[in-house]
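Below, read A as the first sequence line, B as the second, and so on, with proteins coming before strands; counting in each chain starts at 1.
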Number of protein chains: 2
Amino acid sequence: MHQGQKSELTKEIILNKSFKLFYENGFKTTSVDKIMEATKLTKGAFYYHYKSKKELGLAVISLKVQRRVHEGMIAPLYKSGNAVEILESTFLDRIKSFPLYDKKHGCPMNNFINEIADYEAAYQLALRKIIDEWRAGLIALIERGKAENSIKESVSSKAVAIYLISAFEGIRGIRKLYDDDIILEEYIAGLSNYIEQIKK
Amino acid sequence: MHQGQKSELTKEIILNKSFKLFYENGFKTTSVDKIMEATKLTKGAFYYHYKSKKELGLAVISLKVQRRVHEGMIAPLYKSGNAVEILESTFLDRIKSFPLYDKKHGCPMNNFINEIADYEAAYQLALRKIIDEWRAGLIALIERGKAENSIKESVSSKAVAIYLISAFEGIRGIRKLYDDDIILEEYIAGLSNYIEQIKK
DNA sequence: TTAAAAAAATACCAAGTGGTATGTTTTTAA
DNA sequence: TTAAAAACATACCACTTGGTATTTTTTTAA
């Protein structure tokens with residue numbers, strides 16, 4: 001295998017295993033040893049590719065977590081079509097399609113936020129970028145909805161955007177506490193009513 | 001000092017310092033050593049009063065976290081008066097009155113939820129009890145609002161209750177990412193509009 | 001083919017972890 | 001006053017942590 005290719009591949013393997021272990025067990029409690037055990041490589045390989053665990057954490061956030069949120073929650077907002085319908089499908093379809101694994105472990109971004117956002121400024125910044133991008137996408141969509149007459153002009157796009165995000169992230173955490181989907185379905189009902197009410 | 005009194009006092013000192021350190025630095029990364037350093041006592045004293053760090057964690061959740069949420073968010077729901085006004089004052093007044101310290105470190109309950117809820121069933125249960133109590137209080141208040149004709153009968157109490165809680169917990173995490181209150185004020189606007197819309 | 005550079009393995013370190021065993025001091029009840 | 005029990009201190013343990021120094025293997029370019 002080519003050198004550059006091999007290097008990139010190894011970095012990606014470490015990145016993927018890290019994301020999985022951070023998601024399942026948290027960032028701080030996942031050691032470099034455990035990660036490298038999962039990759040079937042050794043510590044020497046890790047510190048050849050990453051200069052510290054902190055650098056790895058930042059890479060996981062900006063490359064894995066950001067991508068995941070973007071693909072699942074942000075990119076769909078820019079599709080063509082009725083704004084309200086896009087809002088509904090993005091939020092409702094996604095939350096309904098989560099496998100048990102994702103329900104159990106919550107939102108990777110939210111886990112990071114609540115575990116290490118107040119811990120170091122670098123993590124704070126990397127996570128903030130994701131929220132800012134999401135927020136911007138939602139505001140743009142709501143504005144679009146107003147322009148195309150599917151959303152009330154009286155609503156504040158900024159307020160709705162952050163209220164949608166907050167509730168979504170909140171429920172991803174709360175769902176962890178339960179062994180069934182009852183609480184999730186109540187949230188879905190709440191979300192449906194909320195979207196319904198901003199319609200024109 | 002009396003024996004029983006002294007014992008209880010020591011347990012409480014450990015409990016208070018633990019809560020503070022868990023809140024500021026997380027549960028897993030706060031060691032028993034650090035806690036006892038803060039209390040000016042030693043490890044021997046800790047393991048005389050608590051059989052493990054896990055037992056301490058559960059005590060902090062049920063005695064400190066639960067009490068805090070109860071006093072700040074649940075007890076006010078049962079006061080007499082207009083249901084909508086109580087909803088507004090409870091949520092809005094509380095979030096507006098948070099000191100910087102609380103904004104920086106988020107919600108103690110939410111931190112616990114996202115750090116260790118999927119880690120052990122005992123923690124999950126202890127935290128679930130808090131959410132269940134909060135949820136029940138909100139549902140009762142909303143039902144009361146319907147009865148006294150201040151809240152629309154068409155809204156689902158369960159759905160509104162969990163949507164309010166989710167958004168509140170969500171924003172407590174997200175606020176950690178920012179150095180100012182802009183995002184918080186947008187949330188407040190969103191919350192105000194949300195409450196406005198369930199009024200009769 | 002070969003020397004250099006890249007990639008990965010091995011061995012190690014000081015500091016920190018939850019927890020235990022045992023000792024010392026303080027309080028209690030007689 | 002005294003012996004026992006409660007409260008706390010001290011010293012230690014095996015294990016894990018992030019990180020480094022050094023060696024071995026693999027790939028590259030000449």
Phosphate oxygens OP1/OP2 of [N]: is one of them under 4.0 Å from a side-chain N or O of [X]?
| X | N | answer |
| --- | --- | --- |
| Tyr48(B) | dC8(D) | no |
| His49(B) | dA6(D) | no |
| Thr42(B) | dC8(D) | no |

Nearest-angstrom distance from the residue atom [atom1] of [X] to [atom2] of [N]:
| X | N | atom1 | atom2 | answer |
| --- | --- | --- | --- | --- |
| Leu9(A) | dA6(C) | CG | P | 19 Å |
| Ile35(A) | dA8(C) | CD1 | P | 16 Å |
| Glu37(A) | dA9(C) | CD | C1' | 16 Å |
| Tyr47(A) | dC13(C) | OH | P | 17 Å |
| Ile14(B) | dA7(D) | CD1 | P | 12 Å |
| Met36(A) | dG19(D) | CE | C1' | 14 Å |
| Asp33(B) | dA9(D) | CG | P | 13 Å |
| Lys40(B) | dT10(D) | NZ | P | 14 Å |

Students often get this wrong, so: under 4.0 angstrom with heavy atoms, is Lys11(B) touching a base, only sugar-phosphate, or nothing?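 Nothing: the residue Lys11(B), judged by heavy atoms under 4.0 Å, touches no strand.
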DNA chain D-proximal residues of residues 19-32 of chain A, any heavy atom under 4.0 Å: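 Heavy-atom contacts with DNA chain D come from Thr30(A), Ser31(A), Val32(A).
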Return the CG to CZ distance between Asp102(B) and Arg172(B), rounded to the nearest 0.5 Å.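 Reported value, rounded in 0.5 Å steps: 6.0 Å.
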Could you identify the nucleotide paired to dA30(D), looking across every strand shown and requiring Watson-Crick or G-U wobble geometry with both distances under 3.5 Å?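 Base-paired to dT1(C).
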Can you tell me the base-pairing partner of dG18(C)? Count Watson-Crick or G-U wobble geometry only, both distances below 3.5 Å, and say none if there is no partner.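 Check on dG18(C): paired to dC13(D), both distances under 3.5 Å.
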Where along residues 50-63 of chain B does a heavy atom come under 4.0 Å from DNA chain C, residue by residue in number order?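 The stretch gives Ser52(B), Lys53(B) as the residues lying under 4.0 Å from the strand, ordered by number.
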Thinking salt bridges, do Lys146(B) and Glu143(B) make one under a 4.0 Å N-O criterion?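 Yes, charged N to carboxylate O under 4.0 Å.
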I'd like to know if the side chain of Glu115(A) and the backbone of Lys28(A) have a donor-acceptor N/O pair within less than 3.5 Å.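 At least one qualifying donor-acceptor pair exists.
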Please confirm whether Phe91(A) and Phe168(A) have ring centers closer than 6.0 angstrom.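 Here the rings of Phe168(A) and Phe91(A) have centres that are less than 6.0 Å from each other.
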Of all residues at least two apart in sequence or in a different chain, which pass the side chain to side chain donor-acceptor pair (under 3.5 Å) check with Lys43(B)?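 Asp33(B).
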